[in-house]
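Please read the structure below before turning to the comments.
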Amino acid sequence: MKKPGAWIGALIGILVTAPLVALYYVGDRLLGLPFVPFDLFDWLARVLPGGIVTFGIDMLVRILLAFDLDVAQTAKSAEHILAIGLMLISGALIGALVFALWNRRETKLDVRSSGRTLGLITGIPVLLISISVNRTATTDGLTSAVWIIAMFVGWAIAFAYVYERLSDEDAMPSTTASASLQRMNRREFLIRLGAATAAITVVGAGLALALQSRVRGGGVARDVPQADPIAPAAPETIADLEPARGTRAEYTPVDEHYRIDINTRAPFIEGETWALSISGLVGRTLRLTLDDLRQRYEPMHQTATLSCISNFVGGDLIGTTRWTGVSLQSIMADAQVDSRGKYLFITSADGFYEVLGLDQINADERIMLTYAWDDKPLTAAHGFPLRVFIPDRYGMKQPKWIVDMRVVENWEPGYWVARGWDREAIVKPTSVIDTVAVDMIDANNRVPIGGIAYAGERGIMKVEVRVDEGEWQPAQLRTPLSDLTWVLWRYDWPFESGTHTFYVRCFDGDGNPQSTDVADPRPDGASGIFMVTERL
Ligand SMILES: Nc1nc2c(c(=O)[nH]1)N[C@H]1C(S)=C(S)[C@@H](COP(=O)(O)O)O[C@H]1N2
Ligand SMILES: [Mo]
């Protein structure tokens, strides 16, 4: 009795994995579920040695250049294609492997139980990987877990079913059907299977693309022309501007502040025994306890907005709180940096690290070792006992749970920089609509629209709102909590019922407009004009 071999298994692997990818894509676009191929790719980028990852990225860039493609525009899609390609190749490998395994059985394959087993064996590691690296899903952990496992079990049952079908065909007694007819049957089955998977894949991906702009919570506009810069001037802000109802809190409660790091659980550090060591190219090696930091140095307070570089336009990986600590300049002065010292290598308890230029520290007294958020010691999740604050940079440059600082001569890429993210990670201007507050309609039939705008240390000079194809209209700005925080804005819109699309854009303190380029977060932060469609 002839059975389908490893090559057929590989082919089937691709055929059943393609719809799996497409369905994950639908889940991602429509419901904010994790998109597994990117999670696996991110995880690989993280566990592979930095050298290999950098080499991979270099190769990718070179291939794009060889094809005369604009790297800035295509690198990210190339990476996405690579991630999906790797998933399909893994499917092919698994197909070859399980077909070979199943071929060694004496008895008939039980499609359901074998499918379930294969689904769990592959799905559980994938689930763990997704939990540890996913930064984009908006669904809760349980929903995401059920989705990942259920899809993998379904995928594996499809595998087993196809295997069974192909073995049946092979096992058909050749008394009635000729050998060539059997092969036709198998070929026909494969063609049908191919057509079916192609259909699911195309319809799924198409559906996701067609519907994604209708996702609740808004999206990014693709066809808004870039604004011209305006002349810099002091922004006109209003101290007691009442935000439109539904605008997020101007000051983020610590327990609502986003949390992003490479750990499923925050590293636990004993405050009593912890001490920060400062060594390397210094005249004086320091060992500072929390009390030393609190008592020996002048405390410094800065209310500031922090954003993750992985934040999508309109995403919630951004928050504002009051940071308290010690200017890094005072500490470096105490350590008497050697003239050969050029960089500060900061190590965290979780293996995270970042490298800061001493000239950057010397030029900016706001760079701070932070021990309190919201006037309370840092929580474990947010970096207890000590984290760095650097104005104008995304969170990836700012280690939490610091245990060690070393002055070194040579630059090295930090944790995320080594993994292909931007070396400087300077925040990009962004603005978001939080609400169209129909319930606040006034006697003049005006409905306040509100949200935030943020451009790091440059501040916000102007925010404008556009409704449908109308003109851009200036919004009012609430005086920000500091010049390092986002700005709450409000625009009173002459209400018209019906379905409308609302857009927002901002200009930073230098008069530069936010970019209309639609960019994903990788490698240097997302950009694009936020828009939201509402039926009113
Ligand atoms: N030790 C350590 N520090 C870290 C990280 C990390 O993974 N480990 N993640 C960084 C990233 S990517 C961000 S966005 C911020 C998030 O800080 P938060 O979780 O307090 O909001 O922490 C940064 N500091
Ligand atoms: Mo981040």
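The basis for the numbers below is simple: all heavy atoms, side chains too, and nothing from hydrogens, waters or symmetry mates. Order of listing sets the numbers, starting from 1, for every ligand and every atom in it.
- Residue contacts with ligand 1: Tyr258 is placed with a nitrogen or oxygen under 3.5 Å of a nitrogen or oxygen of the ligand (distance criterion only).
- Considering backbone and side-chain atoms alike, Arg259 places every N or O at 3.5 Å or more from each N or O of ligand 1.
- Close approach of ligand 1 to Ser348 (heavy-atom distance below 4.0 Å) involves ligand atoms 1 (N).
- Every atom of ligand 1 is numbered from 1 in the order shown, and the set under 4.0 Å from a heavy atom of Leu306 is 17 (O), 21 (O).
- Annotation: side chain of Ile361 is in contact with side chain of Gln329 (closest heavy-atom distance under 4.5 Å).
- The shell of residues lying under 4.0 angstrom from ligand 1, judged by heavy atoms, excludes Gly383.
- Residue contact check for ligand 1: Tyr394 places no non-hydrogen atom closer than 4.0 Å to it.
- Checked by distance only, ligand 1 and Ala381 stay at 3.5 Å or farther apart across all their nitrogen or oxygen atoms.
- Taking the charged nitrogens against the carboxylate oxygens, Lys397 and Glu424 have no contact shorter than 4.0 Å, which rules out a salt bridge.
- The shortest side-chain heavy-atom distance between Val326 and Met368 does not fall under the 4.5 Å cut-off.
- Of all atoms in ligand 1, listed by their number and element, those nearer than 4.0 Å to a heavy atom of His257 are 21 (O).
- Among all heavy-atom pairs drawn from Trp421 and Ser310, the shortest one is CH2-OG, 3.7 Å.
- Considering backbone and side-chain atoms together, Trp373 places no N or O closer than 3.5 Å to any N or O of ligand 1.
- Ion pair Glu464/Lys462 flagged as a salt bridge, since at least one NZ, NE, NH1 or NH2 atom sits closer than 4.0 Å to an Asp/Glu carboxylate oxygen.
- The shortest separation from a heavy atom of Glu354 to ligand 1 is not under 4.0 Å, leaving the residue out of contact.
- Minimum heavy-atom separation, Ala526 to Asn311: CB-O, 3.5 Å.
- Of the heavy atoms in Cys308, both backbone and side-chain atoms come closer than 4.0 Å to ligand 1.
- Two residues are said to be in side-chain contact when any heavy atoms from C-beta on lie closer than 4.5 Å; Phe312 and Pro521 meet this criterion.
- With a heavy-atom cut-off of 4.0 Å, Asp261 touches ligand 1 through backbone and side chain alike.
- Contact of the Gln398 side chain with the Leu306 side chain is registered, since non-hydrogen atoms from C-beta on lie closer than 4.5 Å.
- Near Trp401, with a cut-off below 4.0 Å to any heavy atom, the atoms of ligand 1 are 1 (N), 2 (C), 8 (N).
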Q. Is there a ring pair (Phe, Tyr, Trp, His ring centres under 6.0 Å) between Phe530 and Tyr503 once you walk through the steps?
A. CA-CA 6 Å; Phe530 181 89; Tyr503 305 81; 9.6 Å; no

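- Considering both main-chain and side-chain atoms, Arg387 comes within under 3.5 Å of ligand 1 through a nitrogen or oxygen pair.
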